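Predicted, not measured: the structure shown is a model, and the values here were computed from it. Just so it is clear: chains get the letters A, B, ... in the order the sequence lines come, proteins before strands, and each one is counted from 1.
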Amino acid sequence: MLDIRQLRDDPDAARRSQTARGEDPSLVDAALAADEQRRSAIVTFEALRSEQKSLGKQVAAAQGDEKQQLLARTKELATEVKSAEVAVREAEQRLSDVQLQLSNLVEPDAPVGGEEDFAVLEHVGTPRDFAAEGFEPKDHVDLGKALGAIDVERAAKVSGARFYYLTGPGALLELALVNVAIQQAVAAGFTPMITPVLVKPAAMEGTGFLGQAAENVFHLEQDDFYLIGTSEVSLAAYHSDEILDASTLPLHYAGISTCFRREAGTYGKDTRGIIRVHQFDKIEMFTFCAPEDAVAEHRKLLAWERQFLDQLEIPYRVIDVATGDLGSSAARKFDIEAWIPTQGKYREVTSTSNCTEFQARRLGIRMRDGSTTRPVATLNGTLVAIPRVIVAILENHQQADGSVRVPEPLRGTLGTDVIAPI
RNA sequence: GGAGGCGUCGCCUAGUCCGGUCUAUGGCGCCCGCCUGCUAAGCGGGUUCGGGUUUUAUCGCCCGUCGAGGGUUCAAAUCCCUCCGCCUCCGCCA
């Protein structure tokens, strides 16, 4: 949610931001008009309510005829107050309807444009030349099957498309990745958190996943629970309706959770393998900090993401996501895309967003800073999304004999340097 | 799943039976000031959150806010209903 006072002060900035996203700038004016109506309704209501209160005191003190006369007047007033109250409520609802449609203000430096207009910030590592090494790389599905690490066939039997079993070394790979990631996070000062994966509508709504993204969220009809698509939801909502002491900021959490995604509208996309699945485990970094520190914090999250991938020796590139592809909460977003040899392209493995005060306003998360309270900024970033990283490891570290070299930090948990075919 | 209890402005708490000077009591903590060789104690003041208003620096004034939402009433912390959360006991269970 955007601050209505900020809109009043500088509506042009909001209009420009909407335009950059390819969204409707006239929503800004609709919000301002709704706000005007709201304020006038409030003035009317408060005047009537004030009169009602003072008459009420006279009624309490009066006796006999005088009391009866006063009662007649206050009865009238009561209906007026009631309808004025309804008017206020309706006006507030109209404003909030419009406000919820407005996306966050984009950072001025974000590249303007659609999905294809991202800016590549950096390449790290060099994709291997398998032709020069004299063999054709296998994809992660074939590798996973040969190694006894991934079973998608039986998952299809049990749960359907877009599910998988991690088996033997596959399961160990997940545990190893989780261990390394959590150790890194704790060393960097994060508090590890295992979160609920079922949340109430308010949590989903507050984090901004019930808007355009709603079709990708699983909903348990009978109990009105949503399954989280990322622990960003349960971590953001963790401090909802709280006022945080400024001296405790920034707060760093590392959420460990299973994530669920419907993947509606992706039929035919990534149908093979475990790149796009309905259920996976992920460790997500989440920060609450002062708004003025958010841009610097965003860079730190990106640095932590890179630190994690660097030690796995996977080639990747960092992109600055274009304004039209940000999602409504983000002011700026950086993705890291890992090289996938058999696809011959880079695929997203992490994503970090600066949501500024946008989520915090919806969730009622503020900071006490001296005598004032104001919304905090929230930021999130993927530390590790298990299946995609497993894909990257298997494909990038495969060897001519069909085995896969294990990156050094994972060797302890795996108990081996090389995963051999079974 | 069954039965009962509870939810008051940081924490604790008075008020709820029997609706109206409740403009929500008191304590602790915290903040400011006074006093004081220093500290402690003492004294005075302040301390929910949201919104409106004044050319929103400040001060002030006003409205809402007693877990949330409805209802009854001229009037609700107080009466009624629904929901949420916590606690206790029983049952079941990894």
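Of the side-chain N and O atoms in Arg368(A), none sit less than 4.0 angstrom from OP1 or OP2 of G10(B). OP1 and OP2 of U56(B) both lie 4.0 Å or more from every side-chain N or O belonging to Arg8(A). Remark: Arg89(A) is in phosphate contact with G70(B), judged by side-chain N or O atoms under 4.0 Å from OP1 or OP2. For C63(B), the OP1/OP2 oxygens have a side-chain nitrogen or oxygen of Ser50(A) closer than 4.0 Å. Between G64(B) and Lys53(A), a contact under 4.0 Å exists linking OP1 or OP2 to a side-chain N or O. The side chain of Arg5(A) places an N or O atom within less than 4.0 Å of a non-bridging phosphate oxygen (OP1 or OP2) of G51(B). Residue Arg39(A) has a polar side-chain atom (N or O) positioned under 4.0 Å from OP1 or OP2 of U53(B).
G85(B) is paired with C6(B) under the criterion used here, namely a Watson-Crick or G-U wobble arrangement in which both key atom distances are under 3.5 Å. When both pairing distances are held under 3.5 Å, C30(B) makes a Watson-Crick or G-U pair with G46(B). The base-pairing partner of C22(B), taking Watson-Crick or G-U wobble contacts with both distances under 3.5 Å, does not exist among the strands shown.
Here, C11(B) and C63(B) have their C1' atoms 29 Å apart, quoted to the whole Å. One P atom belongs to C90(B), the other to A76(B), and the distance between them is 42 Å to the nearest Å. For G20(B) and A75(B), the P atoms lie 15 Å apart once the distance is rounded to whole Å.
You'll find the ring centres of Tyr165(A) and Phe163(A) outside the 6.0 Å limit. Proximity of the aromatic rings of His239(A) and Tyr253(A) is defined here by a centroid distance below 6.0 angstrom, and this criterion is met.
Between the base of G64(B) and the side chain of Glu46(A) there is no donor-acceptor pair shorter than 3.5 Å.
Lys82(A) places its NZ atom 12 Å from the P atom of G70(B), with the value rounded to the nearest Å. In this structure, CD of Glu51(A) is placed 14 Å from P of A75(B), rounded to the nearest angstrom. One atom, CZ of Phe225(A), and another, C1' of C84(B), lie 11 Å apart when rounded to the nearest Å. Atom CD1 in Ile4(A) sits roughly 14 Å away from atom C1' in G52(B) (whole-Å rounding). Rounded to whole angstrom, the span from the CD atom of Glu92(A) across to the P atom of G50(B) amounts to 15 Å. Separating the CG atom of Asp245(A) from the C1' atom of G29(B) is a distance of 14 Å, rounded to the nearest angstrom. Protein atom NZ of Lys200(A) is 14 Å distant from nucleotide atom P of G69(B), rounded to whole Å.
Each of Thr323(A), Asn354(A), Asp320(A), Asp109(A) was evaluated against Arg332(A); a single residue qualifies, Asp320(A), per the side-chain hydrogen bond (donor to acceptor under 3.5 Å, both in side chains) test.
Judged by distance alone, the side chain of Thr416(A) and the main-chain N or O of Val418(A) form a donor-acceptor pair under 3.5 Å.
Residue Ile243(A) is in sugar-phosphate contact alone, with no base atom involved, counting any heavy-atom pair closer than 4.0 Å across all strands shown. Here Leu71(A) lies in heavy-atom contact (under 4.0 Å) with a base.
Between His278(A) and Phe218(A), the ring-plane angle classifies as perpendicular under the 30° and 60° cut-offs.
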